[in-house]
Amino acid sequence: MMDRPLLGRALARGCCSFSTLKAWLPILSWLPRYKLKWLQMDVLAGLTVGLTTVPQALAYAEVAGLPVQYGLYSAFMGGFIYTLLGTSKDVTLGPTAIMSLLCFSVVGGQPCRAVLLSLLCGLIQAVMALLRLGFLLDFISFPVIKGFTCAAAITIGFGQVKNLLGLQDIPHEFFQQVYYTFYKIPETRIGDVVLGLICLTLLVMLMLMKTNLGSDDAPAYSRAARKLVWAVATMRNALVVVAASLVAFSWDVYGHHVFTITGKTSQGLPPFRPPPTSDTTANGTVVTFGEIVEGFGGGLAVIPFMGLLESIAIAKAFASQNDYRIDANQELLAIGVTNILGSFVSAYPVTGSFGRTAVNSQTGVCTPAGGIVTSVIVLLSLAFLMPAFYYIPKASLAAVIICAVAPMVDYRVVVKMWRIRKLDLLPFFVTFLLSFWQVQYGIIGGVAVSGALLLYNTARPQIKVSDHGVLLIELGSGLSFPATEHLSHVIYTQALQVSPPRSVVLDCHHVSVIDYTVISELRDLLRQFKLHNVCFVFARLQPSVLEILQAADLQDFRYKNSVEAALQQMESGNLLSD
């Protein structure tokens, strides 16, 4: 019989193994206590989000420059994977406006390359999760994110104007798109304009109705009426697209082709197969894997990061709102695996959707299992409804996209940054303006400017100099090797290059880390102070920093536990160490 210590160790190992398994498969933490009431709420939320997902997925495929079925191919894998690996009950993964725009900017609307891009992005994201590299996202500052989203919203929104007007052969590059859109206005199709404006008006009205339901001055509807208004407003995209399709079908039956419609789409579920590792151009030239990856360029770094950033920001926002916590690295893994497996069903890169996540949360979803219902809705649409998508007017999809991205243009953030810290406007505008040229250049440029500002603040910490008979120099932040030259310059000009030279007390209260370069510079400073026959005293050193300085064996090293003690003893001439 196993003795008690051995039994205890075996049980402890078993518990640790199960805890580790639960960390990697969060479904194990909520599935054992799953309730019937949760099932009812998850099914309701999944159905609601599914009816929102289908029209948005079709529309976002248009933004990515891909056939509309690729939007649906990209919309169902996330629900299954996130149920297993996700840590937020609210987040829904799928195609979004921003990821679609980024995908188009990298692959130019080529389906084979978009699918391969999904695989590579997923691998990068999964490796980041396994190596716990989620902290790298912290280096993308809020002004960069806002600059990018504002520019992306304008780019995406204006890119749909051609579909609202029924214009053909408009270039995809933003500035050419603006020029040719205005140039071709005489070719506008009246049917598309009228239908598009009606769709836009209906979507805005339904959105305002839903917003006003929660306000204090909302009309006094009965409970049933409020539920009906909320349901109609929530499913507005699906309702508007279905209504527009019926109108287009009616006109087409009578031989009046007054609308630009989506046209023929591939019917049925996508085959499960590895993504292509080569491509063939229209003239028969084979493009190898290496050449495709080389063509992706910086997009192969930007898209995985932006996908992670968008999804984790959404997950954190709703976790805070609904009082639970998420695991950022586990979220990275969920997105990475979704993109990897999605590439086997012809999906392009996906991430968390703010709009659909908000619908999920407001409908009362209880667990990530609501995503399974959403995915089933998408699969049923692929299996049975693809022929009906033939008659979807492009103007109605354009209206859906414009209404989805319009709230992303947040002009008020410029005013806030001006009031709080004007320098933050620099990375914001660099990102905003460069994004109209190439989206990935905007993000890279904004991150570079933010990094330069961060490095400048590190190299030029705030230094306060005050005169107390001797000079008191206070460091406003930490001290690392880029700042040593600046600190030395201040000390030399304020204490050693004046006549007579001044003694100095250096207040190091904010210094928690010190490196070899700093110690070398301090050694030189102490030598210079000795040559000038004046004193240099450290005050309020952190224990870890004091230990390093003592180990460095600096000559004439003196310190005091407080600034007051240092000043008093320097005035009295007593400079013995504590």
Side-chain angles (χ1 to χ4, degrees), residues 56-75 94-121 152 155-164 166-178 180-181 260-266 270 275-287 289 291-300 302-303 306-307 339 342-343 345-351 386 389 392 394-395 397-398 400-402 404-405 435-442:
Q56 282 195 343
L58 297 171
Y60 291 149
E62 181 79 20
V63 175
L66 301 170
V68 292
Q69 65 267 22
Y70 280 85
L72 296 177
Y73 295 165
S74 308
T96 65
I98 293 214
M99 289 303 286
S100 300
L101 176 66
L102 285 168
C103 181
F104 176 78
S105 71
V106 173
V107 304
Q110 300 177 71
C112 290
R113 300 189 187 191
V115 173
L116 179 59
L117 179 64
S118 178
L119 173 66
L120 297 177
C121 287
T155 303
I156 294 167
F158 193 86
Q160 296 307 309
V161 172
K162 65 179 185 291
N163 290 327
L164 278 180
L167 302 178
Q168 304 293 327
D169 301 323
I170 302 293
H172 290 286
E173 197 274 326
F174 180 74
F175 295 107
Q176 291 185 9
Q177 195 174 77
V178 173
Y180 280 101
T181 299
T260 305
I261 58 177
T262 300
K264 188 175 181 180
T265 55
S266 298
T277 54
S278 62
D279 195 10
T280 306
T281 61
N283 61 7
T285 305
V286 175
V287 185
F289 175 77
E291 290 171 332
I292 294 175
V293 172
E294 187 180 348
F296 289 162
L300 203 52
V302 170
I303 292 181
M306 289 309 298
N339 279 323
S343 69
V345 290
S346 303
Y348 66 88
V350 301
T351 185
M386 289 309 285
F389 296 157
I392 295 178
K394 288 192 174 183
L397 294 179
V400 169
I401 294 170
I402 290 170
V405 300
S435 292
F436 290 115
W437 175 33
Q438 282 284 342
V439 174
Q440 57 265 41
Y441 293 163

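When reading the values below, keep in mind they use all heavy atoms of this one structure, side chains included, and skip hydrogens, waters and symmetry mates.
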Please round to the nearest 0.5 Å and tell me the distance separating atom [atom1] of [X] and atom [atom2] of [Y].
X      : Y      : atom1 : atom2 : result
Asp169 : Lys162 : CG    : NZ    : 11.0 Å
Ser100 : Tyr348 : OG    : OH    : 3.0 Å
Leu167 : Lys394 : CG    : NZ    : 12.0 Å
Leu102 : Met306 : CG    : CE    : 6.5 Å
Phe104 : Ile156 : CZ    : CD1   : 11.5 Å
Leu120 : Ile303 : CG    : CD1   : 10.5 Å

Do the side chain of Thr280 and the main chain of Thr285 share a donor and acceptor less than 3.5 angstrom apart?
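No: the side chain of Thr280 does not pair with the backbone of Thr285.
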
Set of side chain to side chain contact (heavy atoms under 4.5 Å, CB included) partners for [X], sequence neighbours left out:
X      : result
Phe436 : Ala151, Ile154, Thr155, Phe174, Phe175, Phe432
Val345 : Phe76, Met77, Pro270, Phe272
Glu294 : none
Ala347 : Ser74

Side-chain heavy atoms of [X] within contact of [Y], under 4.5 Å:
X      : Y      : result
Thr96  : Val350 : no
Ser278 : Phe289 : no
Met99  : Pro349 : yes
Thr260 : Gln168 : yes
Leu397 : Asn163 : no

To check you understand the geometry: which heavy-atom pair defines the closest contact between [X] and [Y], and what is its length?
X      : Y      : value
Gln176 : Glu173 : N-OE1, 3.0 Å
Glu291 : Val287 : OE1-CA, 3.5 Å
Ile292 : Thr277 : CD1-O, 4.3 Å
Leu119 : Pro275 : CD2-CG, 3.5 Å
Pro171 : Tyr180 : CG-CD1, 3.6 Å

Verify side-chain contact (heavy atoms from CB on, under 4.5 Å) between Leu300 and Val106, making sure each step is shown before the conclusion.
CA-CA 8 Å; Leu300 203 52; Val106 173; over 6 Å; no

Is it true that, when you exclude Phe158 itself, more than 12 heavy atoms of the residues, nucleotides or ligands shown sit nearer than 6.0 Å to its CZ?
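Enclosed: over 12 neighbouring heavy atoms sit under 6.0 Å from CZ of Phe158.
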
Contacts table for residues 110-117: side-chain donor-acceptor under 3.5 angstrom, sequence neighbours left out:
residue : atom : partner : partner atom : Å
Gln110  : OE1  : Arg113  : NE           : 3.4
Gln110  : NE2  : Val107  : O            : 3.1
Arg113  : NE   : Asp279  : OD2          : 3.1

Distance-only donor-acceptor pairs under 3.5 Å for side chains of residues 59-71, two or more places apart:
residue : atom : partner : partner atom : Å
Gln69   : NE2  : Ser266  : OG           : 3.2

